[in-house]
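The structure appears below as structure tokens.
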Amino acid sequence: DTGVSQDPRHKITKRGQNVTFRCDPISEHNRLYWYRQTLGQGPEFLTYFQNEAQLEKSRLLSDRFSAERPKGSFSTLEIQRTEQGDSAMYLCASSPPSTGNTEAFFGQGTRLTVV
Amino acid sequence: SQQGEEDPQALSIQEGENATMNCSYKTSINNLQWYRQNSGRGLVHLILIRSNEREKHSGRLRVTLDTSKKSSSLLITASRAADTASYFCATERRDSGYALNFGKGTSLLVTP
């Protein structure tokens, strides 16, 4: 399967713990995005990478959140000192380099539950 | 903030019927996209319509775009139980590498 892969699929953590999620995009895609989705809502943009450069961060991304894409391939999203409000589905998507093709390919998501 | 608003929020139909979902957005766009999400899963791209296009077809899907009204519609013809999912319209954020602004979605239930 050469689609976008996210790990883990589910994560339950206690409030105050740190968690890290991983996303492996489609190999030739240089653009990578993180979104957060809560129940009954559409996905909300968190951050965007072009290759290894983080070019845009949403105001939703508080200082407890950090994302990296060290070699322009896989990406990680870390949440420090988790809060119950962080419970959500975290979605990763990637897109190819052609500016004419803006279709996003999504992974299956990581569902985070903070207890 | 969410750019689009889908209408209705929920739709229940029987197999074989057509389903129409509407989307309104706030700012000018380059492209508008529609995505489908099965329960608890990732999103799947359905169709992209450019701002200079008025209508586009893909299989049983028909999308229209009215930039003067800032609205789009998605029609699924001859629906099947497998079409049961949430459907989202999305516009592109020009300042974020074409990241997407999604609406809240329409939840479609197709019963046999």
Side-chain angles (χ1 to χ4, degrees), chain A residues 1 3-6 9-10 23 25-26 29-51 53-61 67 69 88-113, chain B residues 1-10 21 23-26 29-53 56 58 61 63 72 74 85-108:
Chain A
D1 188 341
V4 177
S5 176
Q6 291 189 246
R9 292 289 309 277
H10 303 273
C23 171
I26 294 171
H29 288 185
N30 66 335
R31 288 179 282 153
L32 186 147
Y33 312 88
W34 285 97
Y35 294 85
R36 180 172 70 188
Q37 184 179 26
T38 53
L39 200 62
Q41 302 293 316
E44 293 178 295
F45 169 73
L46 291 179
T47 191
Y48 157 60
F49 288 86
Q50 182 166 306
N51 300 312
Q54 186 174 21
L55 297 185
E56 183 72 18
K57 292 198 296 185
S58 162
R59 284 173 292 178
L60 293 175
L61 213 64
R69 194 183 183 195
M89 174 81 89
Y90 290 84
L91 293 161
C92 176
S94 67
S95 292
S98 168
T99 56
N101 183 356
T102 56
E103 174 185 348
F105 295 78
F106 281 81
Q108 295 297 295
T110 294
R111 182 170 296 282
L112 173 67
T113 302
Chain B
S1 63
Q2 309 222 283
Q3 161 78 305
E5 289 278 339
E6 285 90 345
D7 171 60
Q9 290 188 4
M21 289 159 267
C23 164
S24 60
Y25 56 91
K26 297 175 184 174
I29 60 169
N30 285 333
N31 306 316
L32 186 141
Q33 303 184 37
W34 284 89
Y35 286 80
R36 182 186 74 215
Q37 184 177 36
N38 290 87
S39 179
R41 309 292 294 275
L43 285 82
V44 174
H45 180 265
L46 294 176
I47 196 164
L48 179 152
I49 186 165
R50 302 192 187 283
S51 59
N52 61 355
E53 297 176 313
K56 199 163 183 179
S58 177
L61 305 180
V63 169
S72 175
L74 171 67
S86 292
Y87 292 82
F88 296 91
C89 70
T91 56
E92 296 162 4
R93 301 164 62 109
R94 300 183 192 188
D95 58 345
S96 304
Y98 305 99
L100 299 169
N101 280 326
F102 289 89
K104 293 185 178 181
T106 292
S107 178
L108 174 65

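Quick note on labels: first sequence line is chain A, next is B, and so on, each numbered from 1. The structure displayed is predicted, hence computed values, not measured ones.
Checked against ring pair (Phe, Tyr, Trp, His ring centres under 6.0 Å), F106(A) has the following partners two or more places apart in sequence or in another chain: Y35(A), Y35(B). For F45(A), there are no ring pair (Phe, Tyr, Trp, His ring centres under 6.0 Å) partners two or more places apart in sequence or in a different chain.
Using a 4.5 Å cut-off between heavy atoms, Q37(B) touches chain A through its side chain atoms alone.
With contacts defined as side-chain heavy-atom distances shorter than 4.5 Å, the pair H45(B)/F105(A) does not qualify. Counting heavy atoms from C-beta outward, F88(B) and Q37(A) have side chains that approach closer than 4.5 Å.
The structure places CD of E44(A) at 13.5 Å from CG of L100(B), a figure rounded to the nearest 0.5 Å.
Scanning all heavy atoms of the two residues, the minimum distance from G42(B) to L91(A) falls at CA-CD2, 4.2 Å. For L43(B) against P43(A), the heavy-atom pair with the smallest separation is CD1-CG, 3.9 Å.
The number of heavy atoms from other shown groups lying within 6.0 Å of CD (E53(B)) is above 12. For K57(A), the NZ atom counts as loosely surrounded, since its 6.0 Å shell holds 12 or fewer non-hydrogen atoms of other residues, nucleotides or ligands.
Comparing E103(A), M89(A), Q50(A) by how many heavy-atom pairs each has under 4.5 Å with chain B, the most go to E103(A).
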